[in-house]
Visitor: 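If you scroll down you'll find the structure; I have some questions about it.
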Amino acid sequence: MSEEMRVDVTREGDTVVVAPVGEVDLSRSPRLRSVLREAQASRPKRVVIDLSEVEYMDSSGVATLVEAFQVARRNGSKMVLCGLMDRVKSIFEIARLDTIFTITANREAALRS
Amino acid sequence: MSEEMRVDVTREGDTVVVAPVGEVDLSRSPRLRSVLREAQASRPKRVVIDLSEVEYMDSSGVATLVEAFQVARRNGSKMVLCGLMDRVKSIFEIARLDTIFTITANREAALRS
Amino acid sequence: MNRPSPSPYTSAPDLHLRLVSDPNYLSGTRELVAGVAKRLGFGEEACGHIALAVDEALCNIIRHGYDKRRDGPIWVSLWPSADGNGSAGITVVIEDEAKQIDPGAIKGRNLDDIRPGGLGVHIIKEVMDEVRYEKRDKVGMRLTLIKHRAAVPAGKGGGA
Amino acid sequence: MNRPSPSPYTSAPDLHLRLVSDPNYLSGTRELVAGVAKRLGFGEEACGHIALAVDEALCNIIRHGYDKRRDGPIWVSLWPSADGNGSAGITVVIEDEAKQIDPGAIKGRNLDDIRPGGLGVHIIKEVMDEVRYEKRDKVGMRLTLIKHRAAVPAGKGGGA
Ligand SMILES: Nc1ncnc2c1ncn2[C@@H]1O[C@H](COP(=O)(O)OP(=O)(O)O)[C@@H](O)[C@H]1O
Ligand SMILES: Nc1ncnc2c1ncn2[C@@H]1O[C@H](COP(=O)(O)OP(=O)(O)O)[C@@H](O)[C@H]1O
């Protein structure tokens, strides 16, 4: 009944940038998960997840990112999160995951990392 | 039970600027009404109502502004609205009041008008 | 408080909110309605308009129906709707236990007459595709609001 | 659908929402809860946290209680609360007709073990002041969430 969440995927050299748009909750995280799986299938050197257009995230979104993080580690690729709004950053802090992920302020910094 | 709406009032020469903050709906318009009454009591030459921090307005807010407009006309003072967000402008259009009020883009333009 | 009489719809609404007639709860109710409309595929402006129509209807119930009493019950029911034209939309039914009034007596005023007030019904009819007031069986009023999600033939749907 | 059994509170809630267990309605429900919390004087961050706790609780009901069925009833009730310390707050009660589980078996996991999932209960307990799971009389669970509005520390202004 509802529209699918928009998730923009762009490739820049060895890097793939995945940018979901909107609210990543239980109704939307399955879509983010399948886009991430596809993006990671080619084993890119670096996966940047740009959250600058994500206004809300719950634990289903966080779980999706933890899963992608584990895939990246298995693949030997680097994963970076960027552009987190305060309320999104807050859930990573509550989950004590803010020190596990590499987090940069914006996409440019993530691409340089 | 709930906090009162913030309404900033500043005087610049013969002009009084009234700037409500937040959502001007039935729960908040009585407060805007009393602030406007007080601001208009001294019969200022010009009343500027700065709506740039108003995220929402319903017909009770519009009615409050129409009332202030009528008081201004009786007092021979000029009344200008400024800084309307799109969703606020929309209700003035639906009420066909967008041509009755003098509306400027921002406070500076209102003070020059 | 009694439950509202059965709605004109055969299926239970997906969301059904009971609130008391306190203006402080208008804001949360608007957010609920706009949030649901967004998930049903309405754009930002349309979501704002649907929430505005519900706000205006609730204001009228509080002011005219309950004479500003803050403890009267109001029920807001939401259904995703599929209309005959293959386009989807939202149906909102608002019920109260307040004063009954002849539906024909509820109408928007002539806007050329500039005065405070008298805009609510006009706004509701302007932003929604279908607007229908009825008396409920024993007590109170029922207002049905429908908005289609685009692909609506030019010329707005019939008002009340 | 049956109504939930009487809540532990003597007065009817100011707002009482019934929704079906469809993840698409999480968003509207969050907006309702955050909008009401804001009017009760909570600051922006606290409103976001209360809405997050409700979202996590609903997710768990949908996933664990109803095994992802989308048509199970869920009731969310909201009360403004006044506690003994003279500070106000909000009480949220969430009820379902889903699987019953021993409240003691619902707990957050050790966060040192990094794996997907297992965060919901931890988040709920972290952001709310009181969290109580119980079995309802015959069927389903009841979760009571309370957040106090604190004597707001200077600096952080209470919401508008
Ligand atoms: N829920 C209601 N109960 C009783 N009367 C109503 C209700 N809604 C609208 N009305 C009537 O319709 C009239 C027009 O309403 P409206 O356009 O909102 O303007 P206003 O409320 O400012 O008069 C009201 O004055 C009132 O007589
Ligand atoms: N409403 C519920 N109904 C049944 N079981 C629940 C409910 N809420 C939580 N649980 C149980 O508590 C556990 C921990 O939940 P949570 O911390 O949200 O992590 P996750 O849901 O990812 O396992 C769940 O795995 C489940 O066994």
Side-chain angles (χ1 to χ4, degrees), chain B residues 1-6 20-34 36-37 40 49 51 53-74 79 81 84-103, chain C residues 19-31 33-34 37-38 42-71 74 108-128 156:
Chain B
M1 73 174 180
S2 83
E3 321 281 89
E4 271 202 331
M5 177 171 67
R6 207 179 99 203
V21 177
E23 303 182 306
V24 184
D25 64 10
L26 188 61
S27 69
R28 264 75 197 278
S29 51
R31 164 120 171 98
L32 176 59
R33 185 166 183 269
S34 73
L36 280 170
R37 290 216 147 193
Q40 290 185 298
I49 304 180
L51 299 175
E53 305 231 37
V54 171
E55 298 138 19
Y56 180 81
M57 184 177 286
D58 69 11
S59 71
S60 72
V62 172
T64 305
L65 297 180
V66 170
E67 201 186 316
F69 176 73
Q70 293 176 327
V71 171
R73 205 161 45 182
R74 271 203 305 277
M79 179 170 138
L81 306 183
L84 284 67
M85 294 186 192
D86 283 345
R87 10 183 185 172
V88 174
K89 200 171 294 167
S90 167
I91 190 174
F92 284 93
E93 286 162 5
I94 294 169
R96 316 267 157 78
L97 287 166
D98 49 324
T99 54
I100 303 296
F101 286 109
T102 305
I103 300 182
Chain C
L19 70 151
V20 294
S21 54
D22 181 328
N24 277 306
Y25 295 133
L26 290 173
S27 156
T29 305
R30 286 196 300 269
E31 301 288 341
V33 171
K38 192 168 172 201
F42 284 98
E44 202 178 322
E45 188 183 26
C47 291
H49 282 166
I50 297 165
L52 175 62
V54 170
D55 173 305
E56 297 292 345
L58 296 179
C59 285
N60 278 344
I61 292 172
I62 295 172
R63 293 187 306 133
H64 303 299
Y66 285 121
D67 283 328
K68 302 195 182 156
R69 253 179 63 200
R70 287 175 176 250
D71 60 352
I74 301 175
R109 68 168 168 85
N110 181 351
L111 294 187
D112 294 338
D113 167 27
I114 306 295
R115 60 171 180 81
L119 294 169
V121 172
H122 172 79
I123 290 170
I124 295 169
K125 292 193 174 169
E126 183 87 10
V127 303
M128 300 301 290
K156 311 203 73 186

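Predicted, not measured: the structure shown is a model, and the values here were computed from it. Labels below follow one simple rule: chain letters A, B, ... track the order of the sequence lines, proteins then strands, and each chain is numbered from 1.
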Visitor: Give, as side chain, backbone, both or neither, the part of B/L65 having an atom under 4.5 angstrom from any heavy atom of chain C.
Guide: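 Looking at B/L65, nothing touches chain C.
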
Visitor: Hey, are the side chains of C/H122 and B/S59 touching, using non-hydrogen atoms and a 4.5 Å cut-off?
Guide: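 The answer is no, as the side chains (C-beta and beyond) never meet within the 4.5 Å cut-off.
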
Visitor: Quick check on the interface: out of B/R87, B/E23, B/M57, who has the most heavy-atom pairs with chain C under 4.5 Å?
Guide: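 If we count pairs closer than 4.5 Å to chain C, B/E23 comes out on top.
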
Visitor: Can you name the closest pair of heavy atoms from B/A63 and C/G117 and give their distance?
Guide: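 Smallest interatomic distance, heavy atoms only, reads CB-N, 3.4 Å.
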
Visitor: For a side-chain contact (heavy atoms from CB on, under 4.5 Å) with B/D25, tell me which candidate from C/L26, C/L52, C/N24, C/L58 qualifies.
Guide: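 Of C/L26, C/L52, C/N24, C/L58, side-chain contact (heavy atoms from CB on, under 4.5 Å) with B/D25 is met by C/L26 alone.
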
Visitor: Go through the atoms of C/L111 and report whether side chain, backbone, both or neither lie under 4.5 Å from a heavy atom of chain B.
Guide: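 The side chain, not the backbone.
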
Visitor: Just wondering, are more than 12 heavy atoms of other shown residues or ligands nearer than 6.0 Å to CD in B/E55?
Guide: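 Atom CD in B/E55 is packed in, count exceeds 12.
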
Visitor: If you look at every heavy atom in B/V66 and C/P116, which pair is closest and at what distance?
Guide: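 Closest pair (atom of B/V66, atom of C/P116, distance): CG1-N, 3.5 Å.
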
Visitor: Between CG of C/D55 and OG of B/S60, what distance do you get to the nearest 0.5 Å?
Guide: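 With rounding to 0.5 Å, CG (C/D55) is 7.5 Å from OG (B/S60).
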
Visitor: Side chain, backbone, both or neither: which part of B/I100 has an atom under 4.5 Å from a heavy atom of chain C?
Guide: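 Side chain only.
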
Visitor: Among C/E45, C/R63, C/R30, which residue has the highest count of heavy-atom pairs closer than 4.5 Å to chain B?
Guide: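 Sorted descending by pairs with chain B, the first entry is C/R30.
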
Visitor: May I ask you to check whether over 12 heavy atoms, not counting those of C/N110, lie within 6.0 Å of atom CG?
Guide: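 Enclosed: over 12 neighbouring heavy atoms sit under 6.0 Å from CG of C/N110.
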
Visitor: For a side-chain contact (heavy atoms from CB on, under 4.5 Å) with B/I91, tell me which candidate from C/E56, C/H49, C/E126 qualifies.
Guide: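 Running side-chain contact (heavy atoms from CB on, under 4.5 Å) over C/E56, C/H49, C/E126 with B/I91 returns exactly one hit, C/E56.
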
Visitor: Can you tell me how far CD1 of B/I94 sits from CD1 of C/I124, rounded to the nearest 0.5 angstrom?
Guide: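 The CD1 atom of B/I94 is 11.5 Å from CD1 of C/I124, to the nearest 0.5 Å.
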
Visitor: Got a sec: does the CZ of B/R37 have more than 12 other heavy atoms crowding it under 6.0 Å?
Guide: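 For B/R37, atom CZ is not crowded (no more than 12 foreign heavy atoms under 6.0 Å).
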
Visitor: Given that the side chain runs from C-beta out, which part of B/S90 has a heavy atom under 4.5 Å from chain C: side chain, backbone, both or neither?
Guide: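 Just the side chain, heavy atoms under 4.5 Å.
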
